[in-house]
Amino acid sequence: MKIFHISAECYPIAKVGGLADVVGALPKYQNNLGATSSVIMPYYDNAFTQKNNFKSIYESKLDFNGHKIGYNILKTKAAVLDFEVYFVDIPNLLHKNYVYSADDTDRFLAFQIATLDWILSFKDLPDIIHCHDHHTGLIPFMCQESFKYKSLNTIPVITTIHNAQYQGWFGYDKLHLIPEFESTKTGLLDWDHCINPLAAAIKCAWRVTTVSPSYMDELKQEANGLQDLLQHESNKCIGILNGIDTAVWNPETDHYLDHKYNIKTLEAGKLANKLALCKTFNLDESKPLITFIGRLVHEKGADVFPLAIKKALEDENCSVLVLGSGHDEAEQALLQLKENNTGLYNVFIGYDEKLSHNIYAGADFLLMPSRVEPCGLNQLYALRYGTIPVVRSIGGLKDTIVDIDKNEGFGISHKEVTVAQIYKAITRSVDLYNKTTIFKSIRKHIMTIDHSWDVSAKAYINLYQSLKK
Ligand SMILES: Nc1ncnc2c1ncn2[C@@H]1O[C@H](COP(=O)(O)OP(=O)(O)O[C@H]2O[C@H](CO)[C@@H](O)[C@H](O)[C@H]2O)[C@@H](O)[C@H]1O
């Protein structure tokens, strides 16, 4: 079975968040199951593309906005990943040192058209086209409706929603950029009087998946305006929980860690990592180390959790380390906390892959007070590194973390995103830390929980097979 994943991100080539982790792992696990799964993504100007040598395997011109734009499909000369990646190189639009920007509509529309033009040139068409998020949301529509892609309309197209908050809306002034189709079909692109690529994908994809069963249920109630559409299309919607790449996320082999460990050396290993982290960030290592990693946005509770951390720090019984970037207000609030909390609190504003691995390894607890969490990967990485997740029970967090007060529980959860509830969850973490025997047995247990992609990669393959004629 030949599968193409089409995405704006793919780890380790270009990563902004969890989308990259999924697209960088799922094809590998699908290939382990006998499929031929590969990725098509933009060719950005970044560390990966600067470091590797590429060759062109296809060259053509794209009709875009009344111009003919030259583009290439590139591959690395040497195999770098465990699956094939095809890079769409449209120099003026995509060869930038960022993934997302203000002109995303043109950039990703050109990317989608170039991708389909290239596929159109194949002798052997793929069995499945698997699109990820709104940046590839017009592909299901174009395959179904654009005259020039008529021969692609028998290929099952799947759309996975990693985050329904972002939908890629744009105005009708750009309608002409989409390859020609019957004008009566314009309604398929529309939601609330604008062109909505995510809505178009939900309408036109053969199946719509999202990254946890609970998030799919929640989306039918609240999906940033698309809830009625998801309810209407619910018979083709399914939630499949994300997995993690256990080769990348393995504390025993993680090349980012100076102190590697496994379940047998867990206590010494985590202590060595904690000491190193506390030394670097001037934190009191005798206290439980509570951490946060992620985008500092409303969805992740970043407008509220700095206040909860402030309150917890007043008790002086935990150390806190935050890694993230995002909204200015949240960044400022987190930076300000440094002023009165030397030795107990620190923050790194920015994106740092190596530091994130070191935090998963050295932390005692990982906070995820998310308002919305389609799946969440951080809590799964935390489990694998013996770090206890402290989560708001929503979406994928609800599906993966059981509170310690419940039978066989191993995490800490709270219901609402309020200062009081996040603070309470932190105090429960401190209490758990002080019950040393239980604390140690829980962190040993969580390292054994298997969230590798094996199960979910199979679920996607089964879904594809159900669509083959
Ligand atoms: N400042 C920083 N420095 C270093 N690393 C950082 C970082 N900020 C975040 N990361 C990393 O980025 C990834 C974040 O993944 P998540 O799945 O938790 O969130 P995201 O909201 O991006 O993804 C969306 O898509 C994924 C994939 O489907 C869903 O799990 C999720 O719920 C949904 O919101 C993790 O690998 C994390 O370590």
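Atoms within a ligand are numbered from 1 in the order they appear, just like the ligands themselves.
Below 4.0 Å from some heavy atom of D21 lie the following atoms of ligand 1, by number and element: 35 (C), 36 (O). Those atoms of ligand 1 that come under 4.0 Å of a heavy atom in N378, given as number and element, are 13 (C), 14 (C), 15 (O), 16 (P), 18 (O), 35 (C), 37 (C). The distance from ligand 1 to the heavy atoms of D352 drops below 4.0 Å at these ligand atoms: 3 (N), 4 (C). Within the listing of ligand 1, atoms 28 (O) sit less than 4.0 angstrom from a heavy atom of V211. Residue contact check: P374 has heavy atoms under 4.0 Å from atoms 32 (O), 33 (C), 34 (O) of ligand 1. Within ligand 1, the atoms closer than 4.0 Å to a non-hydrogen atom of G324 are 1 (N), numbered from 1 in the order shown.
Applying the side chain to side chain contact (heavy atoms under 4.5 Å, CB included) criterion to D190, with sequence neighbours excluded, gives Y172.
With a 6.0 Å radius and a threshold of 12 heavy atoms from other residues, nucleotides or ligands, K287 has its NZ atom above the threshold. Atom NZ of K310 sits in a sparse spot, with 12 or fewer heavy atoms from other residues, nucleotides or ligands closer than 6.0 Å.
Taking only non-hydrogen atoms, the option from G396, G24, S356, G294 nearest to atom 8 (N) of ligand 1 is G294. The option from G395, S325, G18 that lies nearest to atom 22 (O) of ligand 1, judged by heavy atoms, is G18. When the heavy-atom distances from atom 21 (O) of ligand 1 to H132, M368, R295, Q379 are ranked, the shortest goes to R295.
Of the N or O atoms in V22, none lie within a sub-3.5 Å distance of an N or O in ligand 1. For Y360, a nitrogen or oxygen atom sits less than 3.5 Å from a nitrogen or oxygen atom of ligand 1, counting backbone and side chain alike. For ligand 1, the polar-atom distance check against G350 finds a nitrogen or oxygen pair separated by under 3.5 Å. An N or O contact shorter than 3.5 Å is missing between V16 and ligand 1 by distance.
Looking only at side-chain heavy atoms (C-beta outward), H298 and V417 stay at 4.5 Å or farther from each other. In this structure the side chain of Q231 reaches within 4.5 angstrom of the side chain of K220, judged on heavy atoms. At least one side-chain heavy atom of L241 sits less than 4.5 Å from a side-chain heavy atom of T400. Inter-residue side-chain proximity for I13 and Y44 is flagged as unmet; no heavy-atom pair is nearer than 4.5 Å.
Heavy atoms of G376 come nearer than 4.0 angstrom to ligand 1 in at least one pair. The shortest separation from a heavy atom of E299 to ligand 1 is not under 4.0 Å, leaving the residue out of contact. At least one heavy atom of Y381 sits less than 4.0 Å from an atom of ligand 1.
Scanning all protein heavy atoms for the shortest distance to atom 19 (O) of ligand 1 gives K300 NZ, 3.3 Å. In terms of protein heavy-atom proximity, atom 6 (C) of ligand 1 is nearest to Y351 CE1, 3.3 Å. Protein heavy atom in closest approach to atom 28 (O) of ligand 1: H162 ND1, 2.7 Å. When only non-hydrogen protein atoms are considered, atom 31 (C) of ligand 1 lies nearest to E373 OE2, 3.3 Å. Among all non-hydrogen protein atoms, the one lying nearest atom 12 (O) of ligand 1 is K15 CE, 3.5 Å.
Within the structure, the side chain to side chain donor-acceptor pair (under 3.5 Å) test picks out the following pairs touching residues 236-245 (sequence neighbours left out): K28-D245.
Put simply, the residue from R392, K398, K300, R295 that forms a salt bridge (charged side-chain N to carboxylate O under 4.0 Å, His left out) with E373 is K300.
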message: Pair Y381, I293 - check side-chain contact (heavy atoms from CB on, under 4.5 Å), show working.
response: CA-CA 11 Å; Y381 300 146; I293 300 170; over 6 Å; no

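Under 4.0 Å from ligand 1, heavy atoms of L377 appear from its side chain as well as its backbone.
Side chain to side chain, T265 and N262 meet the donor-acceptor criterion of an N or O pair below 3.5 Å.
Aromatic ring centroids of H130 and Y464 lie under 6.0 Å apart.
Under 4.0 Å is where a charged nitrogen must lie from a carboxylate oxygen, and between D403 and K415 no such pair does.
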